[in-house]
Amino acid sequence: MILQLIDIGYLVAVVLFILGIKLMSHPESARKGNSIALAGMILAIVVSFFTPGLNNIALILTAIALGTVGGLYSAKTVQMTAMPQLVSFFNGMGGAAAALIGLVEYGDLPVDDIGKGSVLMASLVIGSVSFSGSLVAMGKLQGVIKDIRVNKILAFLVLGLAIALAVYVLLSGQPKPLLVYGLVALALIYGLLFVYPIGGADMPVVISLLNSLTGVTAATTGLLYDNKVMLMGGILVGSAGLLLTLLMAKAMNRSVSNILFTSFGTAAGPAGSGQDGD
Amino acid sequence: MDAIINYISVNQQEFYIFILAVFVGIEVISKVPTVLHTPLMSGSNALSGVVIVGSIIVLGKTDPANYLALTLGFLAVLLATLNVVGGFAVTNRMLEMFKKKPGKK
């Protein structure tokens with residue numbers, strides 16, 4: 001009985017997520033949409049407490065209490081102009097949470113389960129990239145981090161190495177915790193290299209893209225637990241975030257590939273090569 | 001390769017949800033006006049905090065004697081809560097700003 005109720009609770013939460021995000025895209029109903037999405041999230045959290053065999057409840061509640069206080073405090077005190085930085089920071093926290101879940105779960109997963117193993121590796125890599133990338137984006141908006149030229153080949157090399165390492169760990173059929181930490185380190189470095197060269201003015205588009213990545217990593221975590229609210233909610237954010245990224249770039253009269261792969265420093269030749277269109 | 005194909009066929013339902021959710025996500029925000037880009041980004045960021053469900057489950061399943069896993073799980077719940085609570089609160093503040101500017105639509 002309780003298992004069925006859990007499923008129904010998650011189902012209702014998913015419906016609230018979809019409704020919320022839909023209302024959020026219309027000016028008159030945007031605030032209502034935010035509240036409805038929040039109601040869905042609270043429902044999903046409450047339902048998750050009924051997962052059979054849940055231990056460490058006190059620890060979970062402490063973490064939630066601390067996070068709530070911190071989140072509310074920073075959201076209430078932040079200056080209006082610093083809001084995008086804060087969104088980027090929160091987004092990075094979501095990515096980090098997904099990567100941490102992957103790290104804990106790696107020890108529990110049977111090493112010969114390549115299907116779930118691949119999902120877990122994806123969670124680890126995407127979550128870590130989203131974490132470090134979001135922090136750089138935040139630093140750039142804040143003006144703390146300057147544009148740094150990065151050799152694109154180096155960036156792709158790091159990403160390629162991370163993927164190769166993930167494949168190796170999967171196929172080795174043995175637990176390799178150290179290599180998994182190495183994988184996370186490489187993914188974190190890739191996140192840095194990915195955002196470093198992008199100009200500060202383009203950060204909103206980058207944050208939207210990283211937000212979409214956090215959604216994807218929430219979804220892969222959902223696959224790991226066969227949890228449909230995470231899967232559906234994550235993909236919803238992933239695809240909506242991706243479309244939003246394209247729309248934002250379009251509103252700035254830029255193309256996404258232009259923003260991501262035309263690094264700030266290389267614009268020295270044809271000045272304004274970053275602007276296309278008109 | 002076989003393992004991955006097998007995984008997809010065993011978890012067919014999940015993959016159907018996956019594909020449909022992609023289209024739902026695109027569909028629901030396809031008509032968003034430019035002024036709402038940033039609040040919507042912030043709102044969907046709060047939603048990606050749904051990973052908190054996974055972090056609650058992972059910490060709840062952890063052996064109380066495994067301190068490393070406990071620490072990582074605790075951090076996961078904490079950070080995911082920051083994402084959720086902060087995300088919704090900051091979105092709400094952004095949208096409050098909109099209300100004070102009735103000229104904009």
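The shown structure was predicted, so the numbers you read here are calculated from the model rather than taken from an experiment. Residue numbers start from 1 in every chain, and the chains themselves are labelled A, B, ... in the order their sequence lines are given, proteins ahead of strands.
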ask   = Which answer fits B/T91, side chain, backbone, both or neither, if we ask what part of it has an atom under 4.5 Å from a heavy atom of chain A?
value = both
remark   = Between B/L36 and A/A30, the two heavy atoms sitting closest are CD2-CB, 4.2 Å
message = Could you measure the distance from the CG atom of A/N55 to the OG1 atom of B/T62? Nearest 0.5 Å is fine.
response = 8.5 Å
query = Is the side chain of A/S239 donor-acceptor paired with the backbone N or O of B/V22 at a distance under 3.5 Å, no angle test?
reply = yes
Residue, of A/L66, A/T68, A/T221, that accumulates the most heavy atom pairs under 4.5 Å with chain B = A/T68
key: Which atoms of B/E27 approach chain A - backbone, side chain, both or neither, heavy atom under 4.5 Å   = neither
ask   = So do the side chains of B/L79 and B/S55 get within less than 4.5 Å of each other, counting heavy atoms only?
value = no
request  = Give, as side chain, backbone, both or neither, the part of A/A251 having an atom under 4.5 angstrom from any heavy atom of chain B.
outcome  = side chain
message = Less than 4.5 Å apart, side chain to side chain, heavy atoms only: is that true for A/M248 and A/P204?
response = yes
ask   = Checking A/M230 against chain B: side chain, backbone, both or neither under 4.5 Å from a heavy atom?
value = both
ask   = Heavy-atom distance under 4.5 Å to chain B: side chain of A/D112, backbone, both or neither?
value = neither
Top contributor to chain B interface from A/I207, A/V237, A/I114, A/D226 [non-hydrogen pairs under 4.5 Å] = A/V237
ask   = Using non-hydrogen atoms only, which part of A/S130 is less than 4.5 Å away from chain B: side chain, backbone, both, or neither?
value = neither
Min side-chain heavy-atom separation B/N92-B/E96 under 4.5 Å = yes
ask   = When heavy-atom pairs shorter than 4.5 Å are enumerated against chain A, which of B/T38, B/I26, B/N83, B/V10 gives the highest number?
value = B/N83
message = Looking only at heavy atoms and a cut-off of under 4.5 Å, which of A/G127, A/S35, A/G233, A/S208 has the most pairs with chain B?
response = A/S208
key: Segment of B/N11 engaging chain A (4.5 angstrom heavy-atom cut-off)   = side chain
query = Considering only heavy atoms from C-beta outward, does the side chain of A/V205 approach that of A/R254 to under 4.5 Å?
reply = no
key: Contact class of A/K228 relative to chain B, heavy atoms under 4.5 angstrom   = side chain
query = Does any non-hydrogen side-chain atom of A/I18 lie less than 4.5 Å from one of A/M232?
reply = yes
Donor-acceptor list for residues 88-109 of chain A side chains, cut-off 3.5 Å, not counting sequence neighbours:
residue : atom : partner : partner atom : Å
A/S88   : OG   : A/S134  : O            : 2.7
A/N91   : OD1  : A/T214  : OG1          : 2.7
A/N91   : ND2  : A/S134  : OG           : 3.1
A/N91   : ND2  : A/L210  : O            : 3.4
A/E105  : OE1  : A/Y225  : OH           : 3.0
A/Y106  : OH   : A/K176  : N            : 3.0

query = With respect to chain A, which residue among B/M41, B/E14, B/M94, B/R93 yields the maximal number of heavy-atom pairs within a distance under 4.5 Å?
reply = B/R93
request  = Heavy-atom distances under 4.5 Å only: say whether B/A46 touches chain A with side chain, backbone, both or neither.
outcome  = backbone
query = Can you tell which of A/K76, A/H26, A/M41 has the highest number of heavy-atom pairs within less than 4.5 Å of chain B?
reply = A/M41
request  = Tell me, for A/V78 versus chain B, whether the close heavy atoms (under 4.5 Å) come from the side chain, the backbone, both or neither.
outcome  = both
ask   = When only pairs under 4.5 Å are counted, which of A/N211, A/L223, A/L243, A/L54 shares the most heavy-atom pairs with chain B?
value = A/N211
query = Between B/N45 and B/G87, is there a donor-acceptor pair closer than 3.5 Å when you use the side chain of the first and the backbone of the second?
reply = no
ask   = Checking B/I56 against chain A: side chain, backbone, both or neither under 4.5 Å from a heavy atom?
value = both
Portion of A/N227 that has a non-hydrogen atom of chain B nearer than 4.5 angstrom = side chain
remark   = Pair count under 4.5 Å, heavy atoms only, with chain B: among A/S25, A/G71, A/G53, A/A65, highest is A/S25
ask   = Can you find a pair of side-chain heavy atoms, one from B/L20 and one from A/I235, that are under 4.5 Å apart?
value = no
ask   = With respect to chain A, which residue among B/F23, B/F88, B/F18 yields the maximal number of heavy-atom pairs within a distance under 4.5 Å?
value = B/F88
query = Is it the backbone or the side chain of B/I5 that comes under 4.5 Å from a heavy atom of chain A, or both, or neither?
reply = neither
query = Under 4.5 Å between any side-chain heavy atoms of B/V24 and A/F17, yes or no?
reply = no
task = Rounded to the nearest 0.5 Å, what's the gap from OG1 on B/T81 to CD1 on A/I45? Could you check?
result = 7.0 Å
query = Is chain B contacted by the side chain of A/Y10, its backbone, both, or neither, given a heavy-atom distance below 4.5 Å?
reply = side chain
inquiry  = So for A/L231, is it side chain, backbone, both, or neither that comes closer than 4.5 Å to the heavy atoms of chain B?
reply    = side chain
Which portion of A/L86 sits near chain B, non-hydrogen atoms under 4.5 angstrom = side chain
message = Between B/I52 and chain A, with a heavy-atom cut-off of 4.5 Å, which part of the residue counts as in contact: side chain, backbone, both or neither?
response = side chain
request  = Against chain A, label B/V53 side chain, backbone, both or neither, depending on which of its atoms sit under 4.5 Å from a heavy atom there.
outcome  = both
